[in-house]
Amino acid sequence: MTNVTLTFPDGAERSVAKGTTGLDVAKSISPSLAKRTVAMQLDGVLTDLADPIQSDATINFVSRTDPAALELIRHDAAHVMAEAVQALWPGTQVTIGPVIDNGFYYDFAKAEPFLPEDIAKIEKKMAEIIAKNQPFTKEVWSRDKAKDTFAKMGEGFKVELVDAIPEGQDLKIYRQGTWFDLCRGPHMTSTGAIGKAFKLMKFAGAYWRGDSTRPQLQRIYGTAWATEDELKAYLHQLEEAEKRDHRKLGREMDLFHFQEEAPGSVFWHPKGWTLFQTLIAYMRRAQQRAGYMEVNSPDMMEKHFWELSGHWENYGENMFTTTLPDERVFCCKPMNCPGHVQIYKHGLKSYRDLPLKIAEFGKVHRYEPSGALHGMLRVRHFTQDDAHIFITENQIMEECLKINDLMLAIYKDFGFEDIHIKLSTRPEKRVGADELWDKAEKALGDVLDEVKRRSNGRIRTELQPGEGAFYGPKLEYTLKDAIGREWQCGTTQVDFNLAGRLGAFYIDENSDKKTPVMIHRAMFGSLERFTGILIENFAGHFPLWLAPLQVVVATITSEADPYAHEVVNALKAAGLRVEPDLRNEKIGYKVREHSLAKVPVILAVGLRDAESRNVSIRRLGSQEQTVLSLPDAIATLKDESTPPDLRG
RNA sequence: GCCGGCUUAGCACAGUGGUAGUGCACCUGAUUUGUAAUCAGGGGGUCGCAGGUUCAAAUCCUGCAGCCGGCACCA
């Protein structure tokens, strides 16, 4: 009999007969090890403990509290949930049930919808199944047997899954008691290892195979952890995330509102608009330094123009249109690019004019599907920090790298340093010849490689095939916020099509007409969306330069009113956004109210301060009070409120 | 767009067929106050919209809209 060599995490080696199972190995070391081991890793790959070991490998026994076991706990929980659902509602078909971040889900085909109270029923049934502690056992079936069995059970979706498994690949069946499921595994040794730290979170509709033309299934999301403390911590984290919700904070901080008559459209209140304008002013400075020229193009243009640009055909169903009294049809612009091409076309352009950078804080209008709307993160009317750079083909790399550097510098000013870039390639619905797409995708791919190289691998990259814009491939910049969520913001798109379609050209060195390449780029992306992201990232506690209201001067007694006015005026003169609070209330009341409104700085002034010409500074999130002279306070606050790009 | 849920005062919520409530906010008065809620009084709602059932509808039924959670979509 042949032997294989197993290497343990501590470096020890052991020779065992080929085909020995992990469980045998564990048992031979100690019964208690075998008892607490739920799976193993062979050369780092999670595997069923009962699998025979066929070759030399490093081996690591996984207990249920091992981080590596977490995905098994979740996957096993998904199976147990499926069994529970089928036990409670016979005739329900099972489909797929993968592990996801923080949990798992399973999609079911069931005629009647799940009801809110069903969550508790399913959880109870799951607990019973887990308490039975039934072993998970694996079988390998033939394709025919699998299809036959599932067909007889009325599990049509499973039959389709069997058909989708490539020839030559094992069809694995995992059993727990009498229930079994087609599954690639691995699983833990038994259902009992799942433990008690699981919870079903919500129901949702989900299309079979993610395809909206196919049947809609009922999905149940769950979360599962090794310990109840971890479950509790996760639920707490969800609550904390909820407190940051920009829709809630937007209302509480009086930044904006939405209403029924304008779904997906923001009503900006004075404070929210101040924040918005602060962002625009920042970006305007950044773009001016980078050589962009700001323009403004019409919000509506005639339909035939959008037919020419390709938008009507490729994007028409998302465009707002209006028929005028003279019966001409106009479209609200869903993008700024065609308008910018018109501005480019005014006056003959030479190769010497390139790169030509045209920027606009343009408000675009997109008829988003109703179900997609989500606060300010997904709206129907939004402002882009949009720009189009007209270049020659051999300027692509240089210009894209400049954009990249600008993008990263800007994100850094807002505290976002963990960036992730995705390359999206040609979609099915597109304009332009494949050779142009080849060139454009190659160019952006090269840019991405160079960006990655320069970041010393700090920037993660990813390929998203088929996700590009209809006129060109994209680099999509995703940033990670304070609590680890990722948001897609910036985009750089290389376009060999649109300029040509709209008849834009330049005169090259040989007096020939050439079509420029266009780079479409946005850095915040949508100002509305970016504002929402900032609210959630800072949980409303904006750094001073962004805070809509920076300082409140609160009086302790009305005798200090004249001095408070003086302080307010001095701060205003220094360029700070400040309001007095002279109300006939106790200082504790005022502090509480302005703290809840997330005003970064409260200056309390009483008689004492008026006489000494001091102010008492209290900062949001701190109980501490610092007494400063008025000139010192102004200097400090003025310095702190300077936008990051204007600091010396 | 699809599946499910929700919609009652400015906000958060209670109210399962019989006179629409609570807290905060708001207004008035008193209080002049030193760092997260001073006290007392008062006003405020076609119960999302439109139909229907009923002697009677916030409550039951139908349709629509918006919102929420997902899915699809995010050019």
Side-chain angles (χ1 to χ4, degrees), chain A residues 105 107-108 110 112-116 118 201-221 242 245 247-248 251-252 254 257-264 310-311 313-319 334-335 337 364 366-375 377-380 382 424 427-431 467-472 474 476 488 491 493 495 520 525-526 529 554-561 582-597 602-609 616-627:
Chain A
Y105 67 78
D107 286 347
F108 301 95
K110 174 171 172 285
E112 294 299 312
F114 287 112
L115 305 172
D118 291 340
M201 306 298 286
K202 58 199 169 196
F203 298 118
Y207 296 108
W208 171 234
R209 311 224 110 182
D211 183 342
S212 60
T213 63
R214 309 194 70 178
Q216 192 160 35
L217 307 168
Q218 296 189 65
R219 176 171 296 179
I220 306 177
Y221 283 97
E242 217 170 292
D245 192 312
R247 293 166 297 192
K248 182 170 137 67
R251 186 168 51 238
E252 288 173 2
D254 194 17
H257 82 268
F258 291 91
Q259 66 188 50
E260 252 185 73
E261 293 80 356
H311 285 78
E313 190 189 336
N314 290 281
Y315 200 63
E317 59 192 21
N318 292 301
M319 287 164 68
M335 299 181 202
C337 25
V364 294
R366 302 180 178 185
Y367 184 70
E368 301 285 354
S370 58
L373 302 180
H374 182 93
L377 302 179
R378 195 73 186 278
V379 289
R380 284 182 173 157
F382 60 96
S424 296
E428 271 178 40
K429 209 173 171 186
R430 60 177 183 266
V431 295
E467 300 288 318
F470 74 81
Y471 46 77
K474 312 190 280 191
E476 298 179 314
Q488 193 195 303
T491 176
Q493 309 168 357
D495 172 6
H520 307 235
S526 143
R529 179 177 158 79
T555 50
I556 289 159
T557 151
S558 54
E559 290 175 276
D561 287 1
L582 309 181
R583 290 175 304 169
N584 176 11
E585 297 289 351
K586 290 188 172 179
I587 190 66
Y589 180 89
K590 296 185 184 180
V591 165
R592 174 182 158 81
E593 205 167 74
H594 299 301
S595 298
L596 289 173
I602 299 170
L603 298 187
V605 296
L607 260 190
R608 230 155 58 199
D609 308 281
S616 164
I617 301 190
R618 182 187 167 117
R619 288 168 192 278
L620 184 58
S622 162
Q623 313 280 341
E624 204 182 323
Q625 298 151 43
T626 316
V627 177

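Worth saying up front: this structure is predicted, and the values here are computed from it rather than measured. Chain identifiers are assigned alphabetically (A, B, ...) following the order of the sequence lines, protein sequences preceding nucleic acid strands; residue numbering begins at 1 within each chain.
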Under 4.0 angstrom, heavy atoms only, what part of the nucleic acid is [X] near: base, sugar-phosphate, or nothing?
{"X": "A/Lys474", "value": "sugar-phosphate"}
{"X": "A/His374", "value": "sugar-phosphate"}
{"X": "A/Gly606", "value": "base"}
{"X": "A/Lys202", "value": "sugar-phosphate"}
{"X": "A/Arg247", "value": "sugar-phosphate"}
{"X": "A/Leu596", "value": "base"}
{"X": "A/Thr555", "value": "nothing"}
{"X": "A/Leu115", "value": "nothing"}

When A/Leu217 and A/Tyr589 are each assigned the nearest nucleotide of RNA chain B, the 5'-most assignment goes to A/Leu217
Salt bridge check: are A/Arg583 and A/Glu593 linked by an N-O gap of less than 4.0 Å? yes
Any ion pair linking A/Asp245 and A/Arg247 (charged N to carboxylate O, less than 4.0 Å)? yes
Is there a Watson-Crick or G-U wobble partner for [N] with both distances under 3.5 Å, and if so, which one is it?
{"N": "B/G44", "value": "none"}
{"N": "B/C13", "value": "B/G21"}
{"N": "B/G29", "value": "B/C39"}
{"N": "B/A65", "value": "B/U7"}
{"N": "B/G34", "value": "none"}
{"N": "B/A57", "value": "none"}
{"N": "B/G1", "value": "B/C71"}

Roughly how far, to the nearest 0.5 Å, is [atom2] of [Y] from [atom1] of [X]?
{"X": "A/Leu217", "Y": "A/Phe108", "atom1": "CG", "atom2": "CZ", "result": "10.0 Å"}
{"X": "A/Glu368", "Y": "A/Arg378", "atom1": "CD", "atom2": "CZ", "result": "4.0 Å"}
{"X": "A/Ile220", "Y": "A/Lys202", "atom1": "CD1", "atom2": "NZ", "result": "13.0 Å"}

What integer number of Å spans the [atom1] atoms of [N] and [M]?
{"N": "B/A36", "M": "B/C24", "atom1": "C1'", "value": "15 Å"}
{"N": "B/U19", "M": "B/G23", "atom1": "C1'", "value": "23 Å"}
{"N": "B/C60", "M": "B/C6", "atom1": "P", "value": "10 Å"}
{"N": "B/C13", "M": "B/G52", "atom1": "P", "value": "33 Å"}
{"N": "B/C39", "M": "B/A25", "atom1": "P", "value": "10 Å"}
{"N": "B/G17", "M": "B/C55", "atom1": "C1'", "value": "12 Å"}
{"N": "B/G45", "M": "B/G15", "atom1": "C1'", "value": "14 Å"}
{"N": "B/A9", "M": "B/C27", "atom1": "C1'", "value": "15 Å"}

Under the salt bridge (Lys or Arg N to Asp or Glu O under 4.0 Å) test, residues paired with A/Asp495 that sit two or more places apart: none
To the nearest angstrom, how far is [X] atom [atom1] from [N] atom [atom2]?
{"X": "A/Glu585", "N": "B/C24", "atom1": "CD", "atom2": "P", "result": "14 Å"}
{"X": "A/Phe258", "N": "B/U7", "atom1": "CZ", "atom2": "C1'", "result": "18 Å"}
{"X": "A/Gln623", "N": "B/U35", "atom1": "CD", "atom2": "C1'", "result": "9 Å"}
{"X": "A/Glu593", "N": "B/C11", "atom1": "CD", "atom2": "C1'", "result": "13 Å"}
{"X": "A/Ile220", "N": "B/G69", "atom1": "CD1", "atom2": "C1'", "result": "14 Å"}
{"X": "A/Ile556", "N": "B/G34", "atom1": "CD1", "atom2": "C1'", "result": "4 Å"}
{"X": "A/Lys248", "N": "B/A12", "atom1": "NZ", "atom2": "P", "result": "9 Å"}
{"X": "A/Glu252", "N": "B/A12", "atom1": "CD", "atom2": "P", "result": "9 Å"}

A/Arg251 side-chain proximity, nearest of B/A36, B/G34, B/A12: B/A12
Closest approach to the side chain of A/Asp609, judged atom by atom: which nucleotide of B/G34, B/A36, B/U38 is it? B/G34
Do we get A/Arg214 above A/Tyr207's six-membered ring, with its NZ or CZ under 6.0 Å from the centre and within 45° of the axis? no
Just by distance, no angles: are the side chains of A/Glu313 and A/His311 close enough, under 3.5 Å, to form a donor-acceptor pair? no
Quick one: do the A/Tyr471 and A/Gln493 side chains pair a donor with an acceptor below 3.5 Å? yes
Spell out, as yes or no, whether a donor-acceptor pair under 3.5 Å connects the side chain of A/Arg366 to the backbone of A/Pro334. yes
Donor-acceptor contact below 3.5 Å, side chain A/Ser526 vs main chain A/Arg529: yes
Can you tell me if CD on A/Gln259 sees more than 12 non-hydrogen neighbours from other groups inside 6.0 Å? yes
Just the atom pairs and distances: protein N or O near nucleotides 62-66 of chain B's N or O, under 3.5 Å.
{"from": "B/A65", "atom 1": "O2'", "to": "A/Glu260", "atom 2": "OE1", "distance (Å)": "3.4"}

Please tabulate, one pair per line, each protein N/O and nucleotide N/O from nucleotides 71-73 of chain B that are separated by under 3.5 Å, including the distance.
{"from": "B/C71", "atom 1": "O4'", "to": "A/Gly205", "atom 2": "O", "distance (Å)": "2.9"}
{"from": "B/C71", "atom 1": "O2'", "to": "A/Tyr207", "atom 2": "N", "distance (Å)": "2.9"}
{"from": "B/C71", "atom 1": "N4", "to": "A/Gly371", "atom 2": "O", "distance (Å)": "3.4"}
{"from": "B/A72", "atom 1": "O2'", "to": "A/Ser212", "atom 2": "OG", "distance (Å)": "3.2"}
{"from": "B/C73", "atom 1": "O2", "to": "A/Arg378", "atom 2": "NH1", "distance (Å)": "3.3"}
{"from": "B/C73", "atom 1": "O2", "to": "A/Arg378", "atom 2": "NH2", "distance (Å)": "2.7"}
{"from": "B/C73", "atom 1": "N3", "to": "A/Arg378", "atom 2": "NH1", "distance (Å)": "3.0"}

